[in-house]
Amino acid sequence: MSSDGFISIRNVGKSFGSFRAIESISMDIQQGEFFSLLGASGCGKTTLLRMLAGFETPSQGEIFIDGQPMSDVPPFERPVNMVFQNYAIFPHLNVRDNIAYGLRKQRLPKAKRNAMVDEMLDLVQLAGYGDRKADELSGGQRQRVALARALILKPKVLLLDEPLGALDKQLREQMQLELRRLQRSVGITFVFVTHDQEEALTLSDRIAVMQGGDVLQVDTPNALYEQPRTRDVASFIGTMNFLDGRVLSRVNGHTKLDIDAVGEIDIPTPHPAIVEGDRLSLAIRPEKIVLHRAAPDGPAMQGNLEMTSYLGERSHFHIRVPGCVEPMAVSAQNADLGEIRALEEGAPVWLSWHDDALIVLDGK
Amino acid sequence: MADVQMSSAPSARSQRPSGLRSMLYKSETARGYLLLSPALLVMVVGMLIPFTILIAMSFWTRDGFDFDTTMSMANYQTAMDVPIYNAFLARSFWISGITTVATVLLCYPMAYYVAFHVHRNKMLWIILMTLPFWTSYLLRVFSWKVILGYEGVINSGLLGLGLIDAPLEFLLYSQTAVIITLAHAWAAFAILPMYVSLEKIDRSLLEAAADLGDGPARRFFRITLPLSIPGVISATFLIFIPTTGDYITPALVGGPNSPMIGNLIQLQFGAVNNWPMGAALSVILTLWIAAVGLVFLFVTRKSQESVV
């Protein structure tokens, strides 16, 4: 079976005993892509990464890398390299020897090897640290050594298992930028495992959102945020408000909905799968909701201001709407707020939105 | 200001603990010595004092059934001049060297197996491996006599199978027998430290090595072995030092060419009744073991640095 992507995952599943870590997954990763596997711990993202590296064998299905089936290729012969979560720097070797570790197979002349190591030390900004031992390095430095050690082999794919998890916030943000820069400059396909959605959104070309051993959605960060397909994806990435409703009719690409707590509205997006009479879920981002002190024209919800959080540049509001279980979250730039800023808690407010702000989700 | 000091002085005094307690409270070093003191006491009474006496005695000489306590180097001179002493010393190092190498080589795979391939009940395996240690040393030596003897388990077994026509005579009362018995007797001392250092190795390091292109053999020689060297060194010392001075095993299962320096020292303190000579030989043995140990440490340190 030929493959579509540079990395092609075909019906791959993994069981540990009676526990199914990964259901049947299929997806394609393109060459040169920064691809993230995003999910909470236990969602199977690390298992999938370890199957790409060859440390776990799929119970079913096949992984192709650059067109080659990988099931019979042991880890030490795969065209991939990995940056481990704890970096796995060899403690008995110094930085240079750690970075040169994988070059041994290539039997290069010593001068050539040294030049390659120097080049790598420069690339990861560790020039001058070559003679240090692993225990003389900080977390960020160890991470760079792990990166250099993998990149020096010019793998077709670099696998990264939560490489930024152990770093403090400031260093993590700095390393995110560096990772992106590095990935652009070396042009290697990165597969990046993280549970941090912000990190995934910042870094990735595309993200696979995983849950319970399944892939929920594979999309660009923008599409995942703006057009999540299911309620799980919508609630996993960013903050989201949900509304339930029923389909009244579909006419000329317009759909008439009866939304609980709102009433009848007309939306332009014709969702292909919805049928008259179906119940459905709608989602709307907090920043797409507009607050009013008086009832606006068009569809709106009325509620009471429950809580305000002032964050400097913007404010977050929780608004209790009769008929909705959760309070509606609203986020707005303080510069745009005007008279709303002066509202006291408990005051009545109206919520409105643009038609295209409503996302129709799959499922009920 | 003066009033404040006056009024606070009594309460401060009542809170201050007695001299010793305050010293212990303040000084971490003092607390350390207090914790060490039982061991320190045993070391001083059981090691330092006897060893000082031993060293002093080694400079005395025998005078009939008494000692001449004037200091002299006579014993050391004898030990250097009379070839048999050096021969016994060399033989001791030879036998205990072979024993050490054999034990470490045989026990490393066992320690490796438990550390890497046993996933449940590791402790049970370790206990089983150290089981021989639950019986007395003498009993173990005697059981090897039964196994290795002329009509022992091995010979009768091989005869019964028709593999040999006459019992193998080199098995018992030989250096082979001494080495086999010592290696078995000290196996637990080799397994435990090597197991600990193998168990400590972070498994992700081995995955990283695999990821960087090393197959199983390469991984072993580039990662596992160098990282388990501390355990190998401990095992080596734990076996080499006591076996060099051993005298029970060569006396019981050894042959004409297996008495070791320990037997000679025992003779000096026993039948020969030349305690000063025995003391001098003990000191020489201690110095030699220390010297060999230091050289060994130096060499392993150097070779570890050159591992890439």
Side-chain angles (χ1 to χ4, degrees), chain A residues 46 49-50 52-56 73-107 110 113-114 117 131 133-135 142 145-155 157-163, chain B residues 104 108 111-112 115-122 193-237 296-308:
Chain A
T46 297
L49 193 78
R50 289 174 60 81
L52 288 172
F55 298 131
E56 309 285 356
V73 184
F76 51 92
E77 281 167 8
R78 293 199 179 194
V80 305
N81 284 111
M82 183 151 163
V83 174
F84 288 79
Q85 189 167 16
N86 65 354
Y87 311 140
I89 306 296
F90 303 124
H92 56 302
L93 303 178
N94 64 20
V95 169
R96 291 195 77 87
D97 292 338
N98 261 289
I99 294 177
Y101 190 93
L103 290 178
R104 186 181 164 127
K105 252 191 177 171
Q106 304 178 14
R107 306 210 170 281
K110 200 165 184 180
R113 201 174 68 175
N114 282 337
V117 173
D131 295 326
K133 279 269 170 82
D135 56 7
R142 294 164 80 93
V145 174
L147 266 173
R149 187 174 70 178
L151 287 175
I152 199 169
L153 300 176
K154 308 212 162 39
V157 180
L158 185 71
L159 308 171
L160 302 103
D161 186 7
E162 303 220 20
Chain B
V104 169
Y108 194 92
Y112 183 92
F116 284 91
H117 296 292
V118 175
H119 300 293
R120 297 172 55 200
N121 300 329
K122 284 192 183 207
M194 293 195 293
Y195 165 75
V196 169
S197 66
L198 284 166
E199 178 67 27
K200 258 195 340 206
I201 295 174
D202 184 350
R203 301 303 187 265
S204 68
L205 295 177
L206 294 167
E207 285 189 344
D211 185 66
L212 294 168
D214 277 356
R218 278 262 168 78
R219 287 204 289 277
F220 176 76
F221 285 109
R222 296 180 78 190
I223 305 294
T224 314
L225 187 61
L227 288 177
S228 64
I229 283 294
V232 173
I233 291 176
S234 315
T236 306
F237 276 105
F296 176 73
L297 262 191
F298 182 76
V299 170
T300 44
R301 188 76 45 87
K302 275 276 165 232
S303 67
Q304 234 181 329
E305 275 166 16
S306 64
V307 169
V308 175

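Just so you know, these numbers use all the heavy atoms, side chains as well, and skip hydrogens, waters and symmetry mates.
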Contact origin within [X] toward chain B - heavy atom pairs under 4.5 Å:
X        : result
A/Phe84  : side chain
A/Asn81  : both
A/Arg149 : both
A/Ile89  : backbone

Answer whether the closest heavy-atom distance between the side chains of [X] and [Y] falls below 4.5 Å.
X        : Y        : answer
A/Met82  : B/Glu207 : no
B/Leu205 : A/Pro91  : yes
B/Asp211 : A/Arg78  : no

[X] [atom1] to [Y] [atom2] distance, which is reported to the nearest 0.5 Å:
X        : Y        : atom1 : atom2 : result
A/Tyr87  : B/Asp202 : OH    : CG    : 13.5 Å
A/Arg104 : B/Asp214 : CZ    : CG    : 7.0 Å
B/Leu227 : A/Leu93  : CG    : CG    : 8.0 Å
A/Tyr101 : B/Arg218 : OH    : CZ    : 9.0 Å

Please check if atom CZ in A/Arg107 has more than 12 non-hydrogen atoms from other residues, nucleotides or ligands closer than 6.0 Å.
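Atom CZ in A/Arg107 is not crowded, with 12 or fewer foreign heavy atoms closer than 6.0 Å.
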Would you indicate whether B/Lys200, at its atom NZ, is surrounded by more than 12 heavy atoms from other residues, nucleotides or ligands within a distance under 6.0 Å?
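Counting other residues, nucleotides and ligands, NZ of B/Lys200 stays at 12 neighbours or fewer.
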For B/Pro226 against A/His92, the heavy-atom pair lying closest together
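Answer, listing the atom of B/Pro226 first, then A/His92: CB-CD2, 3.6 Å.
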